[in-house]
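Here the structure is a predicted model, which means the values were calculated and not measured. Numbers here simply count residues along the sequence, with the first being 1.
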Amino acid sequence: MDRITAGNELAFRIGFSGHSGHLRMEPLPPVEGSHPLKSLPDFILPPAFLPETQETVKKHLEDTYVCPTLDCEEFSAEKAGRMWEFDWFDRAKIPLEPSFPRSIVAPAWELPFRRSKKEEHPEPCDIKSIEIDLVDIMEGAQDSSILPRMPGPAKDFVRGSINNRPFHPGGLDNPQLERTFPEGAQNGEWIHEIFKGGIAQSVPPSFRKGLDLGYLKVFISISLSMTTYLYKSMTTEIYLFHNIKGFPCQWKQAKEQISSQDNSIEENPDKLSVQFDDLFNKAWEKDAYELGEDNGLMESEIEVEADLPTVSRDNPDLSALDEILSTEPVKGTAKLSGIVEEKRQKENEVQVWASPGGSDEIAGRFHELVPEMALDFPFELDKFQKEAIYYLEKGESVFVAAHTSAGKTIVAEYAFALASKHCTRAVYTAPIKTISNQKYRDFSSKFDVGLLTGDVSLRPEASCLIMTTEILRSMLYRGADIIRDIEWVIFDEVHYVNDAERGVVWEEVIIMLPRHVNIVLLSATVPNTTEFADWIGRTKQKKIRVLGTSKRPVPLEHCLFYSGELYRVGDNEVFLPQGLRAAKEVHKKKNSGMSASNSGALLGGGHGANQPRQRENFSRGKGQMHSGSQSTSNFPGTSGANSSNWGQRKSESSLWFLLIHKLLKKSLLPVVIFCFSKNRCDKSADNLRSADLTSSSEKSEIRIFCDKAFSRLKGSDRNLPQIVRVQSLLRRGIGVHHAGLLPIVKEVVEMLFCRGVIKVLFSTETFAMGVNAPARTVVFDSLRKYDGKDFRQLLPGEYIQMAGRAGRRGLDDIGTVILMCRDDIPEESDLKHVMVGKPTKLESQFRLTYTMILHLLRVEELKVEDMLKRSFAEFHAQKNLPETKKLLLLKLSESTKSIECIKGEPAIEEYFEMAVQAEAYRDHISEAVMQSQSAHHFLSPGKVVVVKSQSDDDHLLGVIIKTPSSTHKKYVVLVLTTDMAPSVQSPSAPMNKLKEKENSNTPQGYFIQPKGKRGMDEEYFTSVSSRKGTGVINIKFPYRGNAAGMNYEVREIESKEFMGICHPKIKIDQISLLENPNNAVYSKTVQQLLEHRLDGTKYPPLLDPVKDLKLKDMIAVESYHMHNKILQKMAENKCHGCIKLKEHLLLLKEQNKLMEEVNALKFQMSDEALQQMPDFQGRIDVLKEIHCIDSDLVVQIKGRVACEMNSGDELICTECLFENQFDDLEPEEAVAIMSAFVFQQKNTSEPTLTSKLAQAKKRLWDTAIKLGELQAQFKLAVCPEEYAKENLKFGLVEVVYEWAKGTSFADICALTDVPEGLIVRTIVRLDETCREFKNAASIMGNSALYKKMETASDSIKRDIVFAASLYINVRILIFLASYLFEVLYYLKLVK
């Protein structure tokens, strides 16, 4: 406050009284001089603030807004990793996010016909701006788009809330966003108004005063003049499309005279709608114009033709309008037509979203292209790393595929650096928790890093976050506001997408990521990286740069270890068969040269002669990582092996000693030995109890480190058998690493191995993925593994992933991979398959889950069908949709000839349908009826039959002339046809006579003589027995003719072509029909057939299937009757026997074929064609049945509860809660039963349960069976028993119950055969399950359940189970760094 001074002309003065700020008034003496000092008040307050300077203001702003601080006591290093339920936002001194504006300013554009018109003095429209409240343009505070959505509560900033809607996924159309903003901000017409002469917007919206843009009007005049000139000179129609806020415009030019063109410009100004920004920028091009000294230009002084801007043709960013502006007037027509043709070609081209890298120019000019890097590296980057950094700087997404230890992490680090530089966030996702913890440790020294996993939340306010992929998926579904800030998402170990259980998570996250998020994918070498990147680019509608290298930083050599020797079988991905043949020769000599007993002696002590030499060379040389010597007593020979294991196979102990001796001799330690079983890892390490591979200094380092790490445990936990056993192995340089170890033990082993003090490490395959710890050598215990279902060979990708740990970059020139061979030598094909075979392709493991469906049903704008369409499984089908659409349009444009019936109303469709139905029965009848023995008995000469037409979907009446014989294998049948064709045989004498009579003037038809004047050859019928034929057929099939006014044909058919056998049988003359064709005989036969047709249309009655054919199959009898009825209806149809039946059936078939093709194409383009659509419909029915959603697919409260369940099966958990199964259970009992949701091991010892726990177990099991039966009822591939066994495993119920009651960890381990590591993992996941159930209780409004889950969570959260990770403990890291520094300094002094 300003100091108050007394007035000079008053008889009193006013001043402050003390620090309280009270005023006081004092009278002045009678005579007061004008002394300046006496005019001041008696007390003056000191200034409230120090004098402000530029530095102090800057520091104040940085401390207040840029560098927020947290409570030092709550966020101290001692409490790191121990705060489980802490809301750091409430403790922040300032809000992390600025408040959202309450209103926006947008241009308002009025339609031209609504404006007030002034005919005398028309003026251009002055574009106005309006202020709109944000609430008026938003449909809700939880909208699914990015910009208009209001931020939620601070407590949901990181994890999100079930009440939030997900952010709109990138690549999906967002119609709601178009409705959000007013019309003036969408259509872009206000820009066209300016272009057509409107007032230039020199004053920004909501500003009182704008900028002086100088010659903006001149530039507009230049642009309009150039446009008018081009408008007059062009003679072809031009289409220029541009998009201003999604508003398409066209620029059309018709062939008109110049005089009429001037008028058309004024009358139809919309035809000149082009991009104003392009013209404005073009006016600023170099040499476009020159300003005068007076900084003024008159429009009349501008020569448009002379001042057209020159455009560089090498610039790839030129728009079509720029090329038009740079076109010379004389060559305008040809140039413009070329541009139009080029644009049309580009439209027809298929968009390629995956762009392969490999540009040498980027690597050569890297420092010129990226002059100021966000992060400097102390070494020269590889080519693919430079390319990746260049594209990251451009803001593009990249897919980097390279071998292990090739340097892919450099790309992730640079993405972190860019996020820090841009004040945004980057997220690093990993498939397993071990990688997350290790990356947190690695990145903490360089960046501001936070960690988010299921049980740990460290520094979520950091700019660089490391989390598991499941956490990111949950954040996306729950609409966490932190998604707004994310610029980069880094997916590590992308090849993990092939995992059957968790691979779907990667696809879900990629699909759900918003558009503003860029993607960095890191993967091992896979053969279809471009295909996978193309799917991502097509899904997200952005380019993906595919980079990488197939070159290993450290080349590998592959060897077989057999009989104490190494045989090289591969070198740098090239298979060497010589080494395999040498190993097989040794194997053959051992097996064939000696008897079984001698062979056993050789295998047991065959190396005894070499043992002295081996033991002499067994001590370490200078090539090892530590100094000192090793006594031979530490490596007993094979003589110390158990005699019971001797025989054709060496004992495991002696075999491992031989291998380690060979590796020591060749300086190939440290080594990682991959065993595909936890038990095998432990047994193999126990076989080396007498081995000692460490020096005294290394033993000291290991002991101090283990003591410091395990000192964080309480006394009883430090003496656990596993910890004691592992420490004993570690001191001798031997380590074990698998899922059965305690988390803290695994971390100790990993850290010590990275330091090089562990020489031999027995591990499962998870070590190859979870830990970045390369070794000198990698050994495979076997090439076969158990994958959870069956034993199988290793896949090439699995072998390459594990073999890639061999060779330390910068330390080793070559990495060695060894395959152990015991009794047999692998086949060459198996070795080639794993060593040089192609890695496993990235394949979609996408599957629908109830949680996914419910999350998407919560949002109206997102559909489950969209998720299915954008999955990797549907990639190729969706990619071909444009071509399918073009083909559909082509099919729809095809025209077919209409059917014109000569008999009135067409009935061909009905006839065709009956023919199709008859065809459906025909095959069954042909097999079951016509080819039976009873049917063959009736198929004799003269029998009237119904025969299938060869060319039409029709049936014909015929008679059997000849049955199959030894010389002729088919039936010969005469059938009545509808069409007439000339006979292929020369006519007989009677036929010639008939032809002569036809050529005469007699009427058309047959001339029949009296019987007395006929010759023998002219008889209609002759008894078969009167003449004996030779059996020779003298006609050529098919034999066609006309008799008695009907066309007939003699053909050969098989038994399956008979459609029916009729009752009548006529007399025929085989000789006159086949040997000596006689027209009169043919005519008589035809007349007999016609006499048996009822009413001239129907066929004679067919044989009865039961009485005559003796059929006993009810299905065959029913099919026979149905077939006969259809045949009778077809015979009654007026199309039967029509001369145009064949033609009309052909046309109808073409129409039906075209319609089928159109329907098939429509089906391919519809949602029904999706692979998992039937599964989706079944799951929707299940959710309706259990009332998670209603009939309108609206998610109910039960569905919202199911959305919270991620640890266990969502249906079982939800039903369990709504059935109140935990009401009668104590918190300890409830959490024990809940362990069945998260425990994963199948085969365990049977737990001992109390009566209440046993009852709760049965109740939960019955619920699972009921849900399994419900899913099976709706056609889902679910077996109720298997469904219950897969999702409920009660092996640790007793263990968790005792742990919750306070039993020590050592005691609960004695209750089961489950390894300690799996117990800890289950209880840790159980705490996350309690948190989910607690959130569900909040949604349900069940306060008792909420408190019960809170108590249950507190009861299990203690001691070794929830010990903080060594990777995220600051004190351990500081100790480790300082201690290692002291050790290195000491070793340096010793040297």
Exercise for the section: For Thr539 and Arg870, test the side chains for any donor-to-acceptor distance below 3.5 angstrom and give the result as yes or no. Expected result: no
Practice task
Would you kindly say whether His422 and Glu487 are connected by a side-chain donor-acceptor distance under 3.5 Å?
Solution key: yes
Hey, are [X] and [Y] close enough for a salt bridge, meaning a charged N less than 4.0 Å from a carboxylate O?
X      : Y      : result
Asp492 : Lys408 : no
Glu396 : Lys543 : no
Glu798 : Arg792 : yes
Asp382 : Lys386 : no

Handout entry: From CA spacing to verdict: salt bridge (charged side-chain N to carboxylate O under 4.0 Å, His left out), Arg473, Glu508
Key = CA-CA 7 Å; Arg473 178 183 63 172; Glu508 286 185 74; 3.0 Å; yes
Donor-acceptor contact below 3.5 Å, side chain [X] vs main chain [Y]:
X      : Y      : answer
Asn528 : Leu842 : yes
Glu874 : Ser871 : no
Lys785 : Ser782 : no
Ser420 : Phe416 : yes
Glu843 : Asn498 : no
Lys540 : Ile511 : yes
Arg809 : Ala406 : yes
Arg568 : Glu557 : no
Arg502 : Glu470 : no

Heavy-atom distance under 4.5 Å between the side chains of [X] and [Y], does that happen here?
X      : Y      : value
Leu472 : Val509 : yes
Gln793 : His833 : no
Leu669 : Leu664 : yes
Val526 : Thr840 : no
Leu831 : Leu580 : yes

Handout entry: Working for side chain to side chain donor-acceptor pair (under 3.5 Å), residues Glu750 and His737
Key = CA-CA 8 Å; Glu750 293 165 5; His737 189 282; 2.7 Å; yes
Exercise for the section: Report the residues that fulfil ring-ring contact (aromatic ring centres under 6.0 Å, His included) with Tyr567, sequence neighbours left out, ordered by chain and then residue number. Expected result: none
Suppose we call two aromatic rings close when their centres sit under 6.0 Å apart. Are [X] and [Y] close by that rule?
X      : Y      : answer
Phe791 : Tyr786 : yes
Tyr428 : Phe443 : yes
Tyr799 : Phe780 : yes

Handout entry: Smallest separation among heavy atoms of Thr549 and Lys551, with atom names
Key = OG1-N, 3.1 Å
Completion exercise
Taking every heavy atom of Ala415 against every heavy atom of Trp488, the minimum-distance pair comes out as O-CD1, 3.7 Å
Exercise for the section: Could you tell me whether Glu361 atom CD has more than 12 heavy atoms of other residues or ligands within 6.0 Å of it? Expected result: no
Handout entry: Separation of Gln845 CD from Glu501 CD (nearest 0.5 Å)
Key = 9.5 Å
Exercise for the section: List the steps, then state whether ring pair (Phe, Tyr, Trp, His ring centres under 6.0 Å) holds for Phe872 with Phe532. Expected result: CA-CA 8 Å; Phe872 190 37; Phe532 193 76; 5.1 Å; yes
